[in-house]
**Q** 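Next up is a structure, given as structure tokens.
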Amino acid sequence: EVKYTVDEVNKYLEQDLLGARILPTEQWAHDGLNLDLNKDDYQLPSHVRDKFASYLKVVGEAKNERDEHLYPALVDLLNSISDGEQNERIIFYKQDAVPVRGSHVMQIPDIGAVFQGLIKKEDTSHPPTSGRIVWGHLCTIVEGKLEGGKMVLAECGFFHFSSVLSASKNSISNLDEDTSDRASKTRRTNTSQTSTTESRVPSTEGGAPVSVPGAEDAGPHKVKPAPPRATPLGARTQVAGYARDVLSHGVLRSHVIMFLVDSKLVRSIFYDRSAIVESGVLNLNEPEDQLIFAKMIKHMRAMPAEGLGIVPNLDALFMKDPKSLKLGEAMPQYTAADGPPSNDLFEWLEGSLFTFAYKDGTRTVRLKRVLFRSNGIIGRGTIVVRVECNCNHCDGHCDWYGKKLILKLSFPSKTRVSEQTFMDRCKALAQGDHAWVLNHLPHIYWTFDVCFDINTPQAKFKERFKDDYEMRLMRGSIQEELQPLSSLETSKDCAQVFYDVVQCHHWAWKYPKILHRDISQGNIMVREKDGEKYGVLNDWDLSSWVNEQRDGPTSKFRTGTKPYMAHEQHSHDWQGPHRFRHDLESLFYVILLLVCLYPSPSAKYTAPMSPAQDFEYEEWHKQDDSFLVSKKFHLISAPEWTPPVLPFFLGFTMWLIHLQHALRYGFFALGKHRDFLRLGKQSKAFDQDTLNNHFSYETVVSTMHRFSEEELKTR
């Protein structure tokens, strides 16, 4: 429930923009639109040439982009382009200056496009007056500028961005998370230094300690604002923000295509879960470029839903039903600094149907309430939605009858081991005395993969960019619905759930030899069975086999959810591997943030109203790696530390103190071991996985098996 401003949210797009590619327009159209411009024999009819002339006339006369004729002229041009056979599936309309509803911040694109039938042609010169557009309605967006082409001419991407960033003084670090391993909840952050002061902290591996920028000055610092919109980087960030919200708050999508138009110049931009790919610049004052632009718009208007990035076999009737505009109208208005109530963002998906491969045929589920969606462009893009079987394929008997079900969809790397594979290994070993662990693992009823075929943009970009493009697939699973931590009513119940998760995590590491690697508040769930509550360690999508840890993660393979990641993982010098103790340290932060920020498990987080009420750990949800490594290092190394636990959770105070002590003494021992090695002295072998038994499973259990002088259940 943390609130974000537009600048705070958009700043996390910088690293995605840093990796943008640029292709000549012909290649971009071939890959992104599956359009061969040379084979398309379309010619500009006279009425389209007239619309180009009208738009260019307005551009020449307008003083700024607020001119009332600018966007309507561009809308008229776009809607005039067709193949003459009434194959247009989408229609453009003026969105400015009404915000699109349904994301965490207020965003106002200039021109949107929706499916035919949602908006009447005579209403395209202004936003719908009988309702409100939500992100789920939008097929594409056109952002208009009137800066003489400057916003479009600058090439902002992996191959061209360095000079632009230097000129604009926007320091952006190298990407420090491999896209295949980004957790869906991870905020991608700027790791630029906030202080020139450095502190020496032992690294995970090697002889020399790591330099931790800013560790001596751990005071709060303001979130660096997104670049000004009247700059090339600012304009790209603005459009990327729209793409993020279409992907994160719209229908289920693999990609989205947008256009940035500045005066007479235009770029097309493709966004998916692996890359941002820009086209070359078209000059709409040139007849040849007019024809190219018209071919692209004509082709896009006639594309099927899958070509626009909407996932196959999704039947979302609301996208064409004008009545669905009332959904957006019913949403409360909010300011840029306030987010709408979570879950209310996605109500328009309810009732949509999704069909997937099942055994020797297919199966259809009806989407209900969305429980979780990740917020970003590059990454897995996970969505979790409550579903029920539509029972059209069950022959009168539904084997899922009576079960509470969720559908989880994501876009992992094609080479990533599936959660189902890890759980199958666990189930194979969870026999006899080990069967207890099944109460603490997710129950997966079915899983399926949908690969991108050779005619999709993803396959074409992979062929073009080779190893510089990560090939993904859409992975889905039907699982048992679990309850969140907020369903718990007592602090002792919370303690038992955390203790359960520690036991489950250790069992998976010791027997099937699986390391979870993404311990976070959202991945700790609750199962009720026979009147008892069990802690469940959920979401094993980022897990790995223990025996493969020596091969990664490296500095490009950091996994986890930022507020809860082990402090070493925030350092730019960290080279891995991800260890068992890193997950235990993550659990320490999960407990810390819960008991210090939330009045109770079910209470919503409320930001401090004044500096006097400032919550010490509130900024952990918003800040970058340099801030987090500094804060966490100072917390771990503090000789006398007492957590500011809220009254409901007071019983966790001693847990946190004991765990902090174990971490502190463990890293002190590691530093002493390193000193011996640097001085060439003999030193006994040091167990990195447990910090020489200072922070081991046994150490954690010795603290967590009791809560407020009561013995918890050891499973």
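In this chain, residues are counted from 1 in sequence order.
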**Q** How about Q116: does its CD atom have over 12 heavy atoms from other parts shown lying under 6.0 Å from it?
**A** yes
**Q** If the threshold is 4.0 Å, N to carboxylate O, is there a salt bridge linking R363 and D399?
**A** yes
**Q** Going by the salt bridge (Lys or Arg N to Asp or Glu O under 4.0 Å) test, which pairs reach into residues 476-485, not counting sequence neighbours?
**A** R386-E481, E480-R527
**Q** Could you check whether any side-chain heavy atom of T124 comes within less than 4.5 Å of a side-chain heavy atom of N79, counting everything from C-beta outward?
**A** yes
**Q** Using distance alone, with no hydrogens and no angle criterion, decide if S324 and H137 have a side-chain donor and acceptor under 3.5 Å apart.
**A** yes
**Q** Might you point out which heavy atoms bring R373 and L247 nearest each other, and give the distance in Å?
**A** NH2-O, 3.1 Å
**Q** Can you pull out every salt bridge (Lys or Arg N to Asp or Glu O under 4.0 Å) where at least one residue sits in residues 301-317? Sequence neighbours excluded, please.
**A** none
**Q** Does G476 offer a backbone N or O that forms a donor-acceptor pair with the side chain of T447 under 3.5 Å?
**A** yes
**Q** Would you say the side-chain atoms of D518 and N523 include a donor-acceptor pair closer than 3.5 Å?
**A** yes
**Q** Checking the side chain of K51 only, and the main-chain atoms of D76 only, is there a donor and an acceptor separated by less than 3.5 Å?
**A** no
**Q** Indicate yes or no: at least one non-hydrogen side-chain atom of Q107 is less than 4.5 angstrom from one of D245.
**A** yes
**Q** Check whether any side-chain heavy atom of I292 sits under 4.5 Å from a side-chain heavy atom of T25, and report yes or no.
**A** yes
**Q** Please verify the inter-ring angle class for F52 with F293; under 30° counts as parallel, over 60° as perpendicular, anything in between as tilted.
**A** perpendicular
**Q** Can a salt bridge be assigned to the pair D539 and K408 using a cut-off of 4.0 Å between side-chain N and carboxylate O?
**A** yes
**Q** Ignoring hydrogens, what is the shortest heavy-atom contact between A240 and L17? Give both atom names and the distance.
**A** CB-CD2, 4.1 Å
**Q** Decide, yes or no, whether a salt bridge links R273 with E470 under the criterion of side-chain N to carboxylate O below 4.0 Å.
**A** no
**Q** For K298, give me all partners under salt bridge (Lys or Arg N to Asp or Glu O under 4.0 Å), at least two apart in sequence or on another chain.
**A** D40
**Q** Could you tell me which non-hydrogen atom of S520 sits nearest to which non-hydrogen atom of T561, and how far apart they are?
**A** CB-OG1, 3.7 Å
**Q** Can you see which heavy atom on W540 is nearest to which on P442, and at what distance?
**A** NE1-CD, 3.7 Å
**Q** Kindly write out the residues that satisfy salt bridge (Lys or Arg N to Asp or Glu O under 4.0 Å) with K403, not counting sequence neighbours, or none if the list is empty.
**A** none
**Q** Could you walk me through whether R21 and I276 pass side-chain contact (heavy atoms from CB on, under 4.5 Å), step by step?
**A** CA-CA 6 Å; R21 275 82 168 164; I276 299 173; over 6 Å; no
**Q** Under 3.5 Å, is there a donor-acceptor pair linking the side chains of N34 and H299?
**A** no
**Q** What residues form a side chain to side chain contact (heavy atoms under 4.5 Å, CB included) with D50, not counting sequence neighbours?
**A** none
**Q** So, using salt bridge (Lys or Arg N to Asp or Glu O under 4.0 Å) as the criterion, who are the partners of D31 when residues are at least two apart?
**A** R464
**Q** Please name all residues satisfying side chain to side chain contact (heavy atoms under 4.5 Å, CB included) with K462, sequence neighbours left out, ordered by chain then number.
**A** D467, Y469, M471
**Q** Among pairs that include at least one residue of residues 253-282, which meet ring pair (Phe, Tyr, Trp, His ring centres under 6.0 Å), considering only residues two or more places apart or in two chains?
**A** H255-F270, F270-F461
**Q** Which residues pass the salt bridge (Lys or Arg N to Asp or Glu O under 4.0 Å) test with K145, not counting sequence neighbours?
**A** E143
**Q** Can you pull out every side chain to side chain donor-acceptor pair (under 3.5 Å) where at least one residue sits in residues 64-74? Sequence neighbours excluded, please.
**A** R66-D96, Y71-D110
**Q** Under a 3.5 Å cutoff, is there a donor and acceptor pairing between the side chains of T364 and T355?
**A** yes
**Q** Does the side chain of L74 come within less than 4.5 Å of I111's, by heavy atoms?
**A** yes
**Q** How would you list all residue pairs meeting salt bridge (Lys or Arg N to Asp or Glu O under 4.0 Å) that involve residues 448-460, not counting sequence neighbours?
**A** D449-R475
**Q** Is it true that the side chains of Q479 and S477 contain a donor and an acceptor less than 3.5 Å apart?
**A** yes
**Q** To check you understand the geometry: which heavy-atom pair defines the closest contact between K368 and V387, and what is its length?
**A** CD-C, 4.1 Å
**Q** Does a side-chain heavy-atom distance below 4.5 Å link T362 with F356?
**A** no
**Q** Between the side chain of R472 and the main-chain N/O of F452, is any donor-acceptor distance below 3.5 Å?
**A** no
**Q** The criterion is side chain to side chain contact (heavy atoms under 4.5 Å, CB included); which residues satisfy it with S352, sequence neighbours excluded?
**A** L314, A316, F318, L349, L367
**Q** Which atom names give the shortest non-hydrogen contact between I133 and I119, and what distance separates them?
**A** CD1-CD1, 4.2 Å
